[in-house]
**Student:** 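Provided herewith is a single structure, encoded as structure tokens, for subsequent inquiry.
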Amino acid sequence: MMKRGVSGKKTLIVVFGVMLVVTLLCLMVCGVYALSVSQKELQFCNAAALDMYMSGLSRTMEDLEAFNEEIVSNDRDFILLSSQSTPTKSAERVLAEHNIRRIIQYRLDSITGILVCNAKDSFMYYGFGEYFLGNDGSVIMSRDSIEKMKTLRSYLLSDSAPQDRIWSVFEVDDSVLLINTFRRKDSMICSMIDIGKYATIHAADSDYIDFCFLTKDQILTNRQQAERYHVLLEEMLGAAETAPKAHSKHILQTQMDPYTGIGLCGIISLKGIWGNARILSGILAISILTVVLLFVYLYYLLSRMLIYPLNEITHATKMLASGATEFEQKQERITEFSEIQGALQNLVREKVNLQQEKEDEASQKEHALLQYYQLQTRSHFFLNCLKSIYNLAAKGEKERTMRTISLFSNHLRYIYHDSLKFVTIQQELDEVRDYFSIIELERSDHVLLEEKVDESLLSFQVPPLIIQTFVENFNKHNAQSDHILRFAVKIDKVELEDQEYVRIRMTDNGIGYSEDTLKKLQTQDEMFGQYHVGVQNLCRRMDILYHKQYQTMFANNRNGGAMTVFYLPVRFD
């Protein structure tokens with residue numbers, strides 16, 4: 001038993017493929033390791049940022065809480081304002097109000113605010129940082145900010161007011177505040193921190209990390225980002241108790257302040273890993289591209305030297321099988337390669353010459369057969385025409401004689417048309433009209449030609465005599481009659497089985513087809529029988545011209561007469 005041969009080309013491809021895959025795997029391992037290091041570095045930076053921001057927030061809260069306690073306990077001006085016995089318009093009270101305002105403004109930073117008021121609505125003082133409550137850095141208080149302070153005052157004086165000296169959350173419109181309230185009699189001081197602005201100003205150093213403040217009950221800030229990442233409060237709280245939690249598109253890290261119950265969660269987008277490692281990724285991509293190009297070039301060199309002759313022979317064989325007529329010869333600097341290409345080019349040319357000779361022989365045979373089919377017709381019509389011309393000339397009817405000769409010459413010219421060439425429907429109809437004119441001159445009864453043709457199809461190409469053949473049969477098989485004979489032609493476009501056809505329908509009110517004739521026409525039997533030679537030959541010509549891609553139907557009308565339908569493909573191979 002012979003062993004199966006081994007392809008040298010496939011072996012070379014396998015060897016180079018294995019080497020390339022191993023090299024790329026090594027590069028990919030290095031890249032994955034580098035990206036993993038980048039991820040850990042991003043997590044470390046995020047943890048450091050969380051610790052720094054939470055420490056800063058805790059210090060701010062402790063300072064404001066201490067400030068509130070100091071004002072309520074020891075500030076003489078606040079004590080004076082909170083005293084109910086103090087005259088409303090006294091100079092001492094006006095000075096106290098001035099001092100309180102100065103103290104408030106001195107104590108503020110960019111994201112904090114302080115509110116001082118009493119229950120009797122006799123005074124209300126407040127101060128804002130430049131970014132507090134959505135301000136854009138301006139120290140001028142907006143009307144919206146003033147309304148929010150009034151809302152906060154009403155909340156502090158309501159039955160649902162938070163517990164004093166404890167930090168709590170207050171939401172007003174789109175702002176989230178941490179508030180701490182100290183009271184003395186019916187007066188109070190409330191320090192506020194805008195944690196929404198805190199996250200925006202202090203915790204927005206990275207384009208790939210989003211920060212959300214939260215409590216055990218709710219997410220306080222940046223809720224839209226949490227919803228976009230599909231992150232739940234439970235997941236954020238869970239990330240505070242365990243190691244960073246990885247999701248499909250992000251990593252969670254949370255730090256909680258046990259004293260206040262406020263937490264800060266950092267949502268790290270995995271895009272940040274690629275952002276931080278873009279230089280490494282670029283180097284890795286360039287390295288992979290370089291290795292691939294190097295392997296391709298090496299394979300090309302070895303393939304040229306070892307596999308080139310096999311490739312050229314295989315290519316030439318495929319060209320011969322596909323019927324190519326020319327072998328493209330390339331300029332080669334290597335002598336042996338040039339000789340191989342020259343030999344292959346000669347082989348292809350020899351094959352093309354043999355094929356062309358075979359096709360020419362078949363074409364000549366086909367053309368002769370078409371001409372034979374087209375010219376095989378009975379001579380009775382010619383003899384009758386000549387007889388009619390003779391009789392007209394004998395009677396001295398010059399004009400009718402000349403008219404008949406002209407029509408007859410047109411008919412002869414059309415009959416001897418080259419059978420390999422198509423004609424337009426317009427030309428075929430012109431011949432049919434001329435033929436009918438000759439029939440009218442020859443017969444004593446009346447015959448009518450009816451046409452209903454889609455004008456857009458007049459230029460459509462059809463085989464010659466496709467209509468005239470059936471007009472001749474109509475004239476031949478329908479003798480003189482006492483009623484008017486009609487021959488109708490209808491041409492339109494239809495679609496059958498998702499393919500467009502031009503439909504040619506020919507009907508008459510004559511004697512129609514006999515059963516025997518219909519059977520022969522439908523089965524294409526007795527191709528060269530005595531009757532309907534012209535119809536049979538037309539079908540044979542159409543088999544050759546359309547490669548049997550057309551359809552026919554022969555039948556009799558219910559009211560008498562023959563009906564013939566041809567379906568000619570608009571496009572055919």
Side-chain angles (χ1 to χ4, degrees), residues 52-82 94-118 123-157 162 164-184 187-204 211 213 220-221 257 259-260 262 264:
M52 181 180 66
Y53 299 146
M54 285 301 298
S55 298
L57 180 62
S58 297
R59 286 194 301 271
T60 301
M61 296 169 70
E62 291 172 0
D63 292 344
L64 289 175
E65 187 175 354
F67 172 75
N68 289 350
E69 185 175 8
E70 176 66 21
I71 291 295
V72 170
S73 302
N74 302 318
D75 189 82
R76 295 174 57 189
D77 297 314
F78 184 82
I79 295 173
L80 176 64
L81 292 173
S82 62
V94 172
L95 179 60
E97 293 176 357
H98 176 72
N99 290 336
I100 285 294
R101 290 191 181 96
R102 290 185 60 189
I103 292 173
I104 291 174
Q105 292 298 331
Y106 177 77
R107 190 61 188 79
L108 294 173
D109 63 21
S110 61
I111 60 166
T112 60
I114 298 176
L115 169 67
V116 179
C117 62
N118 67 351
F123 66 88
M124 185 175 72
Y125 316 119
Y126 42 81
F128 298 162
E130 59 266 29
Y131 295 106
F132 185 78
L133 287 180
N135 288 344
D136 56 358
S138 173
V139 296
I140 300 176
M141 299 179 187
S142 64
R143 182 180 299 275
D144 182 62
S145 300
I146 296 173
E147 292 298 325
K148 290 179 180 178
M149 288 299 98
K150 292 180 180 180
T151 303
L152 175 60
R153 178 181 178 277
S154 300
Y155 172 66
L156 295 176
L157 296 174
D164 290 353
R165 301 173 182 265
I166 300 297
W167 285 96
S168 60
V169 177
F170 175 69
E171 295 188 45
V172 52
D173 296 338
D174 56 348
S175 301
V176 181
L177 307 178
L178 292 179
I179 59 175
N180 180 267
T181 307
F182 279 69
R183 300 174 189 265
R184 185 182 181 90
S187 299
M188 68 189 78
I189 180 170
C190 179
S191 295
M192 302 163 284
I193 302 175
D194 189 341
I195 58 174
K197 277 297 181 181
Y198 187 93
T200 302
I201 296 175
H202 298 291
F211 293 94
F213 280 99
L220 301 177
T221 62
D257 185 351
Y259 173 68
T260 62
I262 302 296
L264 181 63

**Student:** Identify the two heavy atoms, one from G127 and one from Q105, that lie closest to each other, and give their separation to 0.1 Å.
**Tutor:**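 Scanning both residues completely, I find the closest heavy atoms to be CA-NE2, 3.6 Å.
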**Student:** Between CG of L80 and OG of S187, what distance do you get to the nearest 0.5 Å?
**Tutor:**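 Taking CG in L80 and OG in S187, the distance rounds to 10.0 Å.
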**Student:** Output the distance between atom CG (N118) and atom CG (L157), rounded to the nearest 0.5 Å.
**Tutor:**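 These two atoms lie 8.5 Å from each other.
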**Student:** Can you name the one residue among N180, I193, I179 that meets side chain to side chain contact (heavy atoms under 4.5 Å, CB included) with L64?
**Tutor:**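 Answer to the side chain to side chain contact (heavy atoms under 4.5 Å, CB included) test with L64 among N180, I193, I179: I193.
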**Student:** Check the pair R76 / N99 against side chain to side chain contact (heavy atoms under 4.5 Å, CB included), numbers first and verdict last.
**Tutor:** CA-CA 10 Å; R76 295 174 57 189; N99 290 336; over 6 Å; no
**Student:** I need the E65 CD to T60 OG1 distance, nearest 0.5 Å.
**Tutor:**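 Answer rounded to 0.5 Å: 12.5 Å.
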**Student:** Should T221 and F211 be marked as a side chain to side chain contact (heavy atoms under 4.5 Å, CB included) after you check the CA-CA gap, both sets of side-chain angles, and the distance that decides it?
**Tutor:** CA-CA 8 Å; T221 62; F211 293 94; over 6 Å; no
**Student:** Closest approach of M192 and L177, non-hydrogen atoms and distance?
**Tutor:**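 Nearest heavy atoms, M192 then L177: SD-CD1, 4.2 Å.
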**Student:** Going by heavy atoms in the side chains, are L178 and V169 under 4.5 Å from each other?
**Tutor:**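 Side-chain contact under 4.5 Å: yes.
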**Student:** Are V116 and I71 side-chain neighbours, meaning at least one heavy-atom pair lies under 4.5 Å?
**Tutor:**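 They are not in side-chain contact.
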**Student:** Report yes if some heavy atom in the side chain of R165 is under 4.5 Å from a heavy atom in the side chain of E69; otherwise report no.
**Tutor:**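 Yes - at least one pair of side-chain heavy atoms lies under 4.5 Å apart.
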**Student:** Are side-chain heavy atoms of L152 and V172 found at a separation under 4.5 Å?
**Tutor:**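 A side-chain contact under 4.5 Å is absent here.
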**Student:** State, with a plain yes or no, whether a side-chain heavy atom of D257 is found less than 4.5 Å away from one of L57.
**Tutor:**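 With C-beta onward as the side chain, the pair stays apart.
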**Student:** Might you point out which heavy atoms bring W167 and S191 nearest each other, and give the distance in Å?
**Tutor:**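 For W167 and S191, the tightest heavy-atom pair comes out as CZ3-O, 3.9 Å.
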**Student:** Between CD1 of I103 and CD1 of I114, what distance do you get to the nearest 0.5 Å?
**Tutor:**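 So the CD1 of I103 and the CD1 of I114 are separated by 9.5 Å.
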**Student:** If the threshold is 4.0 Å, N to carboxylate O, is there a salt bridge linking D63 and R59?
**Tutor:**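 No salt bridge links D63 with R59.
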**Student:** Measuring from atom NZ of K197 to atom CD1 of I111, what distance do you get when rounded to the nearest 0.5 angstrom?
**Tutor:**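 Rounded to the nearest 0.5 Å, the NZ-CD1 separation comes to 10.0 Å.
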**Student:** Determine whether R102 and H98 make a side-chain contact, defined as any pair of heavy atoms from C-beta on separated by less than 4.5 Å.
**Tutor:**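 They are in side-chain contact.
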**Student:** Is any side-chain heavy atom of Y126 closer than 4.5 Å to one of I104?
**Tutor:**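 No, their side chains stay 4.5 Å or more apart.
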**Student:** Side chains of L156 and F170, heavy atoms from C-beta outward: is any pair under 4.5 Å?
**Tutor:**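 When only atoms from C-beta onward are counted, F170 and L156 do not touch, as no gap falls below 4.5 Å.
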**Student:** Evaluate side chain to side chain contact (heavy atoms under 4.5 Å, CB included) for I262 paired with F213, printing each intermediate quantity in order.
**Tutor:** CA-CA 7 Å; I262 302 296; F213 280 99; 4.0 Å; yes
**Student:** For the residue pair F132 and F128, does the interplanar ring angle fall in the parallel (under 30°), tilted (30 to 60°) or perpendicular (over 60°) class?
**Tutor:**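 If you compare the ring of F132 with that of F128, the planes turn out tilted.
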**Student:** Looking at OG of S73 and CZ of R184, how far apart are the two atoms once the value is rounded to the nearest 0.5 Å?
**Tutor:**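 With rounding to 0.5 Å, OG (S73) is 7.5 Å from CZ (R184).
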